[in-house]
Chemist: 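I'd like to ask some things about the structure below.
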2 protein chains.
Amino acid sequence: MSIDAARPTINDVAERAGVSRTTVSNALNGKGTIGAETIERVKRVADELGYEPNAMARGLRQSKLGVISLLIRPLESLDTAMPEGVDYFLRFAGSAALAAMDHGYSLMLISDPTKPGAPPSSLAADGCLVEAPIRNDPALTLLDRKRIPFVAVGVDPARADAFPAIAQQTERDTRLALDHLLDAGARRVALVTGTDENSWNAHARRGYEQWAAEHGIEPMIRARDETSGVDGGRTVAHELLTGDAPPDGVYCLTGRHAAGFVAGARELGVGVPDDLLVVAGSDAVMNRTSTPTITALDLRPVETARLAVDALIRLLDGEPVDWSSLDPASELVVRDSTSRRNGDAAVTA
Amino acid sequence: MSIDAARPTINDVAERAGVSRTTVSNALNGKGTIGAETIERVKRVADELGYEPNAMARGLRQSKLGVISLLIRPLESLDTAMPEGVDYFLRFAGSAALAAMDHGYSLMLISDPTKPGAPPSSLAADGCLVEAPIRNDPALTLLDRKRIPFVAVGVDPARADAFPAIAQQTERDTRLALDHLLDAGARRVALVTGTDENSWNAHARRGYEQWAAEHGIEPMIRARDETSGVDGGRTVAHELLTGDAPPDGVYCLTGRHAAGFVAGARELGVGVPDDLLVVAGSDAVMNRTSTPTITALDLRPVETARLAVDALIRLLDGEPVDWSSLDPASELVVRDSTSRRNGDAAVTA
DNA sequence: GCTACTAGAAGAATCGATTCTTGTAAATCG
DNA sequence: CGATTTACAAGAATCGATTCTTCTAGTAGC
């Protein structure tokens, strides 16, 4: 329970070993030319004292802290702490942390650095990952202005090519989902998006509109707040299914909305998959274990996070990055909500 | 896409504004006595240049970075990236990040700092949270030696009172689960633990043994690697249910083992809850949405993380902490696997 | 025997801020 | 009108490392 007794510094080690700071630094880092005996002694003393170089001092000198930060935009709008179903972000963060560690970095979770009360440490990292930036995202503007290297995951819808980004193939993914609904027998397909102004919602909408036009389908689009969760899905189900021309297929971008839509349909006596086919745009655990299980697009958060971290670290090292090759390749996982087969089948993008 | 053009420092601002470093610092931080006009000018110049104080330099001077780190012990043994079902840790991490932000800190996810390749930044934080330390945990020893303030969540089973910790009431929780199984009609209750040597497994085992002795129940204990997941639960179900005196109730500490146990039982024609009652010691999303839904102990990761962060920050601020009052109060969420009622019912600890 | 080199280690500058001390005008006071 | 404040700002030390430069013996070369 001891917090007192300040941590030993390089000076303490130097003094106790009877050498200079320089010698301690060189001895411990294997640089310069130091006698074997001296190295031995310095190491022993350092160990005795429990000396550990101060990461800030070292970082200051080398202008490199060994930390990358992660800003998850959608979490800013979720006021409550981590409701169930935000699997995508949690798995993304976990995978990013592991990928960062592989490169000798730690991962720091930060809040919006443009907000007034933001911790100064939110800009201390060597580089930053921004998940799902919003339209004209002020965080991207800030990072750019401060010259902090960053990689966005998903583009800023208003500035698609302005910044380094892992551009998710949302339009292609959307077609994958919609085509699957068509193949499975749906003829009137609706779209339920979130309300955040990120590329995910924007591009899915655009993809849907084009697809609907191509197939001569009357567009039916509803938007529900991401935070509304399962309940938002339920209400939109009531709205659409009790209308004049109810859909027989629906593509809900978030897993929670999809789960809610299924629940809402059941309340109205609409059976899934018999009367209604449902696809979720993000694969959450609840989609895999619910009854019926729900067909979903696996956005591969684990792989995407790793790609993003790798790209950011190349950026930090001044190495070239081929942005066009960074395609996470989503996969549609077919489940009960669009078929009566048992077991999962995969349709790769 | 610009990374060049080094970030402006306080000296750049000072020069451009025609004042000294000191004045810039004071003007921006509202300290000292500076003329209103000068403050105005300095702020304008700082803004023009996109100046942001270097967090490392500031941290070095003030010996405080504004970062706390989180070491999740069980993740060290999980080699693959975040398998489904590790909800507890993900929610814990997410909640801790939000709680830290409330206090003006960022949360850094780190890997075992005692491992050779560990990033130096893993010891750069102002304080550290250690989730589920193992027996004689070397990370705790290291943190103690380096004099880095830390709070453990769960005790080191070999050194229960040696370090500041949020002591989870595992034995009490275990009784809660076991008593519930008894109430629901089970007479031969088995325990399935993990193999990590943390207080969770150790105390649950101890609690079970005492409880079994008190109730004259023959102890049946099996341990399965935490990493074995659903499959581990399935195999242990086969092992126990095909034995001489199969249990009619089982308490699986991890949610994945519980789910696997249910699946294994079904394969053997053993119905849940008709022939077998199942309780999980950790509430995962899959327990809520599976068929049947599984009764589980909600360990309240969100609340626990917040308590831990608050305690750590009090420690950092040199304020007293009443460790005995930090009780997350688990709750048993009763579901289909131990009853035929519909809906959830809660039994508070 | 004297220069040239090398090994080993010390000295000093540096990274970018904060903070303690000092200095210099103008304003106030008795 | 001389002595003190006061307001404002500059100067210098400091945080804890790394790194570039310099110094000093001892050894080798001729």
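By convention in this document, chain letters (A, B, ...) are assigned in the order of the sequence lines, proteins followed by strands, and residues within each chain are numbered from 1.
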Chemist: Check this for me: does any side-chain nitrogen of one of A/Glu37 and A/Arg41 sit under 4.0 Å from a carboxylate oxygen of the other?
Modeler: no
Chemist: Closest to the B/Thr23 side chain: C/dA13, C/dT19, D/dA10?
Modeler: D/dA10
Chemist: Between D/dT18, D/dA10, C/dT18, which nucleotide gets closest to the side-chain atoms of A/Arg58?
Modeler: D/dT18
Chemist: How close or far is atom C1' of C/dG16 from atom CZ of A/Arg147, stated in whole angstroms?
Modeler: 16 Å
Chemist: Assess the side chains of B/Arg135 and B/Asn198: does a donor N or O sit below 3.5 Å from an acceptor N or O?
Modeler: no
Chemist: Between A/Ser20 and A/Thr23, do the side chains contain an N or O donor and an N or O acceptor separated by less than 3.5 Å?
Modeler: yes
Chemist: To the side chain of B/Lys31, which of C/dT19, D/dA10, D/dA17 is closest?
Modeler: C/dT19
Chemist: From C-beta outward on A/Thr33, which listed nucleotide comes closest to its side chain: D/dC8, D/dA17, C/dG8?
Modeler: C/dG8
Chemist: Between A/Met56 (CE) and C/dT18 (P), how many Å, whole number?
Modeler: 14 Å
Chemist: What is the separation between atom CD1 on B/Ile34 and atom P on D/dT6, rounded to the nearest whole Å?
Modeler: 18 Å
Chemist: Quick one: is B/Ser25 getting a side-chain N or O under 4.0 Å of the C/dT18 phosphate, OP1 or OP2?
Modeler: yes
Chemist: Would you tell me if any nitrogen or oxygen in the side chain of A/Tyr51 comes within less than 4.0 Å of OP1 or OP2 on D/dG16?
Modeler: no
Chemist: What I want to find out is whether B/Arg159 reaches B/Asp137 closely enough, with some N-O distance under 4.0 Å, to be called a salt bridge.
Modeler: no
Chemist: Between atom CG in B/Asn26 and atom C1' in D/dG11, what is the gap in whole Å?
Modeler: 13 Å
Chemist: Side chain of B/Asn29 only, please: which of D/dA12, C/dT18, C/dA10 is the nearest?
Modeler: C/dT18
Chemist: Start at the 5' end of DNA chain D and walk down; is the nucleotide closest to B/Thr38 or to B/Ser63 reached first?
Modeler: B/Thr38
Chemist: What is the separation between atom CG on A/Asn11 and atom C1' on D/dT14, rounded to the nearest whole Å?
Modeler: 12 Å
Chemist: Can you measure A/Leu123 atom CG to C/dA17 atom C1' for me and round it to whole angstrom units?
Modeler: 15 Å
Chemist: Can you tell me which nucleotide in D/dC15, C/dT19, D/dA9 comes closest to the side chain of B/Leu60?
Modeler: D/dC15
Chemist: With the side chain of B/Ala57 defined as its heavy atoms from C-beta on, choose the nearest nucleotide among C/dG16, D/dA10, C/dA10.
Modeler: C/dG16
Chemist: Nearest to the side chain of A/Arg21, heavy atoms from C-beta on, is which of C/dA13, D/dT19, C/dG16?
Modeler: C/dA13
Chemist: When the distance from CD1 of B/Ile39 to P of D/dA7 is rounded to whole Å, what number comes out?
Modeler: 13 Å
Chemist: What I want to find out is whether A/Glu52 reaches B/Arg145 closely enough, with some N-O distance under 4.0 Å, to be called a salt bridge.
Modeler: no
Chemist: Between C/dG11 and A/Thr22, counting only base atoms on the nucleotide and side-chain atoms on the residue, is there a donor-acceptor pair under 3.5 Å?
Modeler: yes
Chemist: Remember a base hit wins even if backbone is also touched, and classify A/Glu37 as base, sugar-phosphate or nothing at under 4.0 Å, heavy atoms.
Modeler: nothing
Chemist: Specify the separation, in whole Å, of atom NZ of B/Lys64 and atom P of C/dT19.
Modeler: 12 Å
Chemist: Is the closest side-chain donor-acceptor distance between B/Ser106 and A/Ser121 under 3.5 Å?
Modeler: yes
Chemist: When you measure from the side-chain N and O atoms of A/Thr9 to the phosphate of D/dG16, is any distance below 4.0 Å, counting only OP1 and OP2?
Modeler: no
